[in-house]
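These figures come from a predicted structure and were not determined experimentally.
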Amino acid sequence: MAPTVPPPPPPTLVIAGASGDLTRRLLFPAIHRLVADGLLPIDTRIVGYAIDELTTGQFLDRLRHGVEEHGGGLDQRAWAALSANAAYVRGDLTPDAVEALAPHTTGPSVFYLALPPTLFGPAAAALADAGLAAERDGNWRRLVVEKPFGTSLDTANALQAQLLAGWREEQVFRIDHFLGKETVQNLLVFRLANRFVEAIWNNASIAQVQITAAESLGLEGRWRYYDQAGALRDMLQNHLMQLFAVTAMEPPSVWEGETLRQHKVDVLRATRGPTADNAGIWAVRGRYTAGTVQRPGEPEPVAVPGYREEPDIPPDTGTETYAALRLEVDNWRWQGVPFHLRSGKRLGGDLTEIALQLRPAPRLHFERTASIDPGADNDVGEDGSQWVVLRLRPDETIEVHAVAKRAGLGMALERITLTATDHEAAAADYSAYEQLLVDLVAGDRGLFVRGDEALEAWRICQPALDAWAEGEPTPYTAGSEGPEPPLGFFEPGLAPWRPVAPPPSADAARVR
Ligand code: NDP
């Protein structure tokens, strides 16, 4: 008879910053759902750690409210198991205090730093000094660092050094929740599992790439954080650089976390961003002024104040609410293909997408057949209208723009859009945090950011911040497309920014 293998010990998830918004709104509802769905072990242990004087019962009450409010209701079996195994430990972030976590973390353990970013380094150091980073008897220890990873190249370097003083790189899981999104993984599969896609994914077929994260939302109460950060630090340096790296990287030979990360680092290393000399053209910043925005699901556009008039924002703030960068990649695949990245608040739509503009087909001989259908507009595909689009928001959709013959006797052409919307993605509805928590416990690092990757992204973005130390962002009206890019941002012949307004519905997808 084969010897029976004992089940692995249950993981312990220590959440430092357990009284915070992230824990209540996102983390705990995600853990609860994963346990309910059998994707995390039923005997997973939660240990809350914070300064607040709470009993375990009071801590559990907060978590239960979080699940009821943000997690779609309580699963009785999962809740009974989680609450039976949960504990709350009170303390600050000194080694003496965090040592109280030792009796709770004798098995495999995650230390999730759901703390203000200035505390990531000190908390990591305190845990290591208390001996909690040491892996013994096969029990792994993992450290989760939330965003943002530094506020500049220098501070990111300092944070990296602080983390690695007490932890090995393989133990550190840096969160970028964009990587947990279904479409980002779908992008990898779409690219790498389809021969026709990989065949056009290069400078012979692609003229430019536009990566957009536009939102109609304003500050939504996050002013304290946002006014320190601005659009470049909040979105571009992390989330959009990740989308860029996944789009531009070379195909990995195996589907394995470390290989994926190495390929992303490789392409980031080959990437040039703005410099002190060209930042006036390659780096664009803006700040919204009063206007009207149409929020999804609301019947009418609403009037909104300008950023400087928002409650609590200092009227002389220099913070940008829109940032755009031009990047170029010096490798065989992408030489000569500019990548344009932009993100902004209070724009005229809610859109996150990666759009690749196809080079035009050779001039069509059909246009010499005007006698068949005089007056037909056969000039298709030569005006920058052909794109491959991977949309993450508002729906998870892949679009390929193509040319087809218009039905009828004449030889008239029309543009069509081949659209695939992943309805399953919406139905499955696992959040990015759910995906990342499963990978974290499984030890799969592919969707987490490696330290050198974060630092490369900072290297590319920092010259924009340096250039922006002086002057003011360009004003743009709330509800608009954002500021006009300067001459030279887009090379002649390339399409300008695609509209951020909602895409046409499937019924309207056939356009002439
Ligand atoms: P909160 O301010 O709501 O919570 C922060 C937590 O840290 C609280 O539990 C707080 O305890 C604790 N804390 C603050 N100062 C100290 C200290 N000196 N010693 C020990 N504990 C301390 O922040 P969030 O939950 O919103 O964010 C946490 C992290 O997650 C941040 O890095 C943020 O950037 C990131 N994040 C948050 C998102 C969100 O939607 N909330 C989304 C994406 C990332 P106390 O309540 O007692 O002060």
Side-chain angles (χ1 to χ4, degrees), residues 12-23 26-27 47-52 89-102 105 109-135 140-177 179 222 224-230 232-235 237-239 241-242 261 265 433 436 440 445 448-462 465:
T12 300
L13 305 180
V14 177
I15 304 177
S19 54
D21 177 68
L22 180 77
T23 307
L26 295 170
L27 281 185
V47 179
Y49 187 80
I51 312 177
D52 282 4
V89 179
R90 185 193 169 274
D92 61 18
L93 298 173
T94 56
D96 285 351
V98 297
E99 223 175 334
L101 289 167
T105 51
S109 303
V110 170
F111 297 89
Y112 198 120
L113 305 184
L115 295 164
T118 49
L119 298 178
F120 294 159
L127 290 166
D129 289 349
L132 297 173
E135 295 178 324
W140 44 257
R141 302 293 166 100
R142 295 179 186 144
L143 181 75
V144 182
V145 179
E146 261 295 342
K147 80 161 214 188
F149 193 80
T151 54
S152 64
L153 179 58
D154 286 348
T155 54
N157 265 313
L159 175 56
Q160 175 73 347
Q162 253 180 321
L163 296 179
L164 296 192
W167 299 77
R168 285 178 295 111
E169 174 62 42
E170 304 81 76
Q171 292 181 284
V172 181
F173 288 66
R174 294 170 197 77
I175 295 261
D176 188 316
H177 71 267
L179 288 176
R222 290 171 69 225
R224 200 185 301 274
Y225 156 74
Y226 194 85
D227 198 52
Q228 294 292 316
L232 189 136
R233 290 187 180 91
D234 184 44
M235 291 294 295
Q237 183 278 332
N238 39 45
H239 304 320
M241 290 300 284
Q242 283 296 326
R261 302 205 303 179
V265 172
Y433 273 94
L436 294 174
L440 170 64
R445 298 179 197 87
F448 295 86
V449 182
R450 212 167 68 185
D452 52 354
E453 210 179 327
L455 296 176
E456 280 297 324
W458 269 118
R459 174 190 63 75
I460 294 164
C461 293
Q462 183 65 43
L465 287 179

Determine the minimum heavy-atom distance between Asn238 and Lys147, stating which atoms define it.
ND2-CD, 4.4 Å
Would you say the side chain of His177 lies within less than 4.5 Å of the side chain of His239, judging by non-hydrogen atoms?
yes
Is it true that the side chains of Gln462 and Gln237 contain a donor and an acceptor less than 3.5 Å apart?
no
Any salt bridge between Arg261 and Asp452, counting N to O under 4.0 Å?
no
To the nearest 0.5 Å, what is the distance between CG (Leu232) and OG1 (Thr151)?
11.5 Å
Walk me through whether Thr94 and Asp92 qualify under side-chain hydrogen bond (donor to acceptor under 3.5 Å, both in side chains).
CA-CA 6 Å; Thr94 56; Asp92 61 18; 2.8 Å; yes
Nearest heavy-atom contact between Ala18 and Gly48 is CB-CA, 3.6 Å
Just do the side chain to side chain contact (heavy atoms under 4.5 Å, CB included) check on Val47 and Thr12 with the steps written out, would you?
CA-CA 7 Å; Val47 179; Thr12 300; 3.7 Å; yes
Identified side-chain contact (heavy atoms from CB on, under 4.5 Å) counterpart of Leu113 within the set Leu119, Leu127, Leu93:
Leu127
Ignoring hydrogens and geometry, is there a side-chain-to-backbone donor-acceptor pair from Glu453 to Arg450 under 3.5 Å?
yes
Please name the pair of heavy atoms, one in Trp167 and one in Leu132, separated by the smallest distance, quoted to 0.1 Å.
CH2-O, 4.2 Å
Of the non-hydrogen atoms in Glu146 and Leu22, which two are nearest, and what is the gap between them?
OE2-CD2, 3.5 Å
Are there more than 12 heavy atoms of other residues, nucleotides or ligands under 6.0 Å from atom CD of Glu170?
yes
Approximate separation, where rounding is to 0.5 Å, of Asp176 CG and Leu179 CG:
5.0 Å
Please check if the side chain of Trp458 supplies one atom and the backbone of Phe149 the other of a donor-acceptor pair under 3.5 Å.
yes
Under 3.5 Å: donor-acceptor pair, side chain of Gln171, backbone of Ala133:
yes
One should read off an interatomic distance between Thr155 OG1 and Leu159 CG, to the nearest 0.5 angstrom, of 8.0 Å
Verify side chain to side chain contact (heavy atoms under 4.5 Å, CB included) between Ile15 and Tyr49, making sure each step is shown before the conclusion.
CA-CA 6 Å; Ile15 304 177; Tyr49 187 80; over 6 Å; no
Geometric class of the Phe173/Phe448 ring pair [parallel <30°, tilted 30-60°, perpendicular >60°]:
perpendicular
Regarding Glu169 and Arg174, does a basic nitrogen lie under 4.0 Å from an acidic carboxylate oxygen?
yes
Quick one, Tyr112 with Leu13, criterion side chain to side chain contact (heavy atoms under 4.5 Å, CB included). Give me CA distance, side-chain angles, the key distance, then yes/no.
CA-CA 7 Å; Tyr112 198 120; Leu13 305 180; over 6 Å; no
Pair Arg168 + Glu135: basic N to acidic O under 4.0 Å
yes
Is the shortest side-chain heavy-atom distance between Val449 and Gln242 below 4.5 Å?
yes
Show the numbers, then the answer: is there a side chain to side chain contact (heavy atoms under 4.5 Å, CB included) between Phe111 and Arg142?
CA-CA 6 Å; Phe111 297 89; Arg142 295 179 186 144; over 6 Å; no
Looking at every heavy atom in both Gly17 and Thr23, which two are closest together, and how far apart are they?
O-OG1, 3.1 Å
Nearest 0.5 Å, please: how far is CG in Leu465 from CG in Leu153?
10.0 Å
Residue pair Ile460 / Met241: nearest heavy atoms and the distance that separates them:
CD1-CE, 3.5 Å
Evaluation steps, salt bridge (charged side-chain N to carboxylate O under 4.0 Å, His left out), between Asp234 and Arg222:
CA-CA 11 Å; Asp234 184 44; Arg222 290 171 69 225; 3.7 Å; yes
